[in-house]
Amino acid sequence: MLSTALPLSLSTPVLRPQKPLYGHSSPGFSPCINLPSFKPLDTICCHGFSRRRTSLSGSCLSCNTRISAFICRNHGYGSIKVRAASVPDSTGEFEKSSDAARTMQLGAMFGIWYLLNIYFNIFNKQVLKVYPFPATITAFQFGCGTVMIIIMWALNLCNRPKLTRPQILAILPLAVAHTFGNLLTNVSLGKVAVSFTHTIKALEPFFTVLFAALFLGETPAFWVLSSLVPLVGGVGLASLTEVSFNWIGFCSAMASNVTNQSRNVFSKKLMVNKEETLDNVNLFSVITIISFILLVPAAIFMEGFKFTPSYLQSAANQGLNVKELCIRSLLAGFCFHSYQQVSYMILQMVDPVTHAVGNSVKRVVVIVSSVMFFQTPVSPINSIGTAMALAGVFLYSRAKRVKSKTKPKAA
């Protein structure tokens, strides 16, 4: 037999040594074997008899390769042993093309995420300016999301989950926190500039570290704590110099940080069994429906019936463009659910730290675009404070990435 250093080999059928390899007349044999283009290996005949080297090449459906073989002959004995020496080049090319396609897909999804977020903040601010009922508007946005989810489930665009009682009990606190978080954000957007609301909401990492230490017993690393210094200082500097500063808007945005991060704590402490967990998209869909059910009666209790035809007619008599209000409300509701849906889809494709970095970039994009669109007056000190806060968010994301990389080494 023939032997090489490689552990794997492919043996071809036994050939009669006296038959010529080329110019033979047997129709059942072809010296052309097509395997991936491997480099030939020199082999050593361990029988001590005569050997002859030949090159078998051609085209095969499965491999497409040129191989080298040796024929070992000893009276009636003949065999060919073929050894592969390298991985097919086509495999590497396929992996490169698939990585490039995945990168392009992620880039497109991040772009859609940012674009939908920009349009949501613009349409939402325009609606809140002329229709100052944040609870009703938030309930309407949850309603738009609920309709979109039902349509997707009805058309089998995504799998409808089968909820169990433990799942509902675990999701309910998340839905309550999600409801308050979006409601308080709309309250803030109705009172202050979009850029200032998002500057305050950049403090979310601070509350993440605080709640993780208080309720989960997690000790933050030094670099994580260091990144919070420019974050807190930048928000404070921006707040002191904000032209549209309003205590209701400031406190509402700060409270939305608390509720959003408490939602994250709930998701860790009230985890369902792994066999019963939902994927991110279906989890967000269920939370949206529950939030709509919870907020509708609360909005009616706090603000009354503000979407009735009679009220809209009276508002139209006072100069409100009802048609524009309805169109922009629908667009805001569509963008509201869509950008969050895309965000959860991205979270399924990347790790949480990468998603957090993308979220910090999203805040920069939203702040800059809102300042340009609404022509918000921004002082130099206010710009420095906003830049410090956003830099702190980025440093926090980088510190978390370093921490996640060092965990396996410590283990």
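We use all heavy atoms of the structure for the numbers below, so side chains are in, but hydrogens, waters and symmetry mates are not.
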Distance check, rounded to the nearest 0.5 Å: [X] atom [atom1] versus [Y] atom [atom2]?
| X | Y | atom1 | atom2 | answer |
| --- | --- | --- | --- | --- |
| L330 | I327 | CG | CD1 | 8.0 Å |
| M388 | L237 | CE | CG | 6.5 Å |
| L115 | S338 | CG | OG | 11.0 Å |
| S244 | F250 | OG | CZ | 12.5 Å |
| E204 | L231 | CD | CG | 10.0 Å |
| N121 | T197 | CG | OG1 | 8.5 Å |

Please check this pair: side chain of [X] against backbone of [Y], looking for a donor-acceptor N/O pair closer than 3.5 Å.
| X | Y | answer |
| --- | --- | --- |
| Y114 | G358 | yes |
| S252 | V187 | no |
| S188 | L184 | no |
| N257 | I200 | yes |
| K125 | L189 | yes |
| R102 | M349 | yes |

Without placing hydrogens or testing angles, list every side-chain donor-acceptor pair under 3.5 Å for residues 128-136, not counting sequence neighbours.
from, atom 1, to, atom 2, distance (Å)
Y131, OH, K306, O, 2.1
T136, OG1, E303, OE1, 2.6

| said: Using every non-hydrogen atom in the two residues, find where A202 and V393 come nearest and quote the distance to one decimal. | reply: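 The pair with the smallest heavy-atom distance is O-CG2, 3.4 Å.
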| field | Greater than 12 external heavy atoms within 6.0 Å of M254's CE | value |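 Enclosed: over 12 neighbouring heavy atoms sit under 6.0 Å from CE of M254.
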| query | Counting only heavy atoms not in I381, do more than 12 sit closer than 6.0 Å to its CD1 atom? | reply |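 Check fails, neighbour count at 12 or below.
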| task | Could you go through the side chain to side chain donor-acceptor pair (under 3.5 Å) check for N159 and N282 one step at a time? | result | CA-CA 8 Å; N159 296 327; N282 272 326; over 6 Å; no
| Results of side chain to side chain contact (heavy atoms under 4.5 Å, CB included) for I150 - residues two or more places apart only |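 In terms of side chain to side chain contact (heavy atoms under 4.5 Å, CB included), with neighbours along the sequence ignored, I150 is linked to T146.
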| field | Result of checking T138, T179, N182 against S291 for side-chain hydrogen bond (donor to acceptor under 3.5 Å, both in side chains) | value |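 That would be T179; it is the only one of T138, T179, N182 passing the side-chain hydrogen bond (donor to acceptor under 3.5 Å, both in side chains) with S291.
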| task | Please list all pairs passing the ring-ring contact (aromatic ring centres under 6.0 Å, His included) test where one or both residues lie in residues 315-338, with sequence neighbours left out. | result |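 Qualifying pairs: F120-F336, F142-F336, F284-H337.
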| query | How are the rings of F207 and F211 set relative to one another: parallel (under 30°), tilted (30 to 60°) or perpendicular (over 60°)? | reply |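 F207 vs F211 ring planes: tilted.
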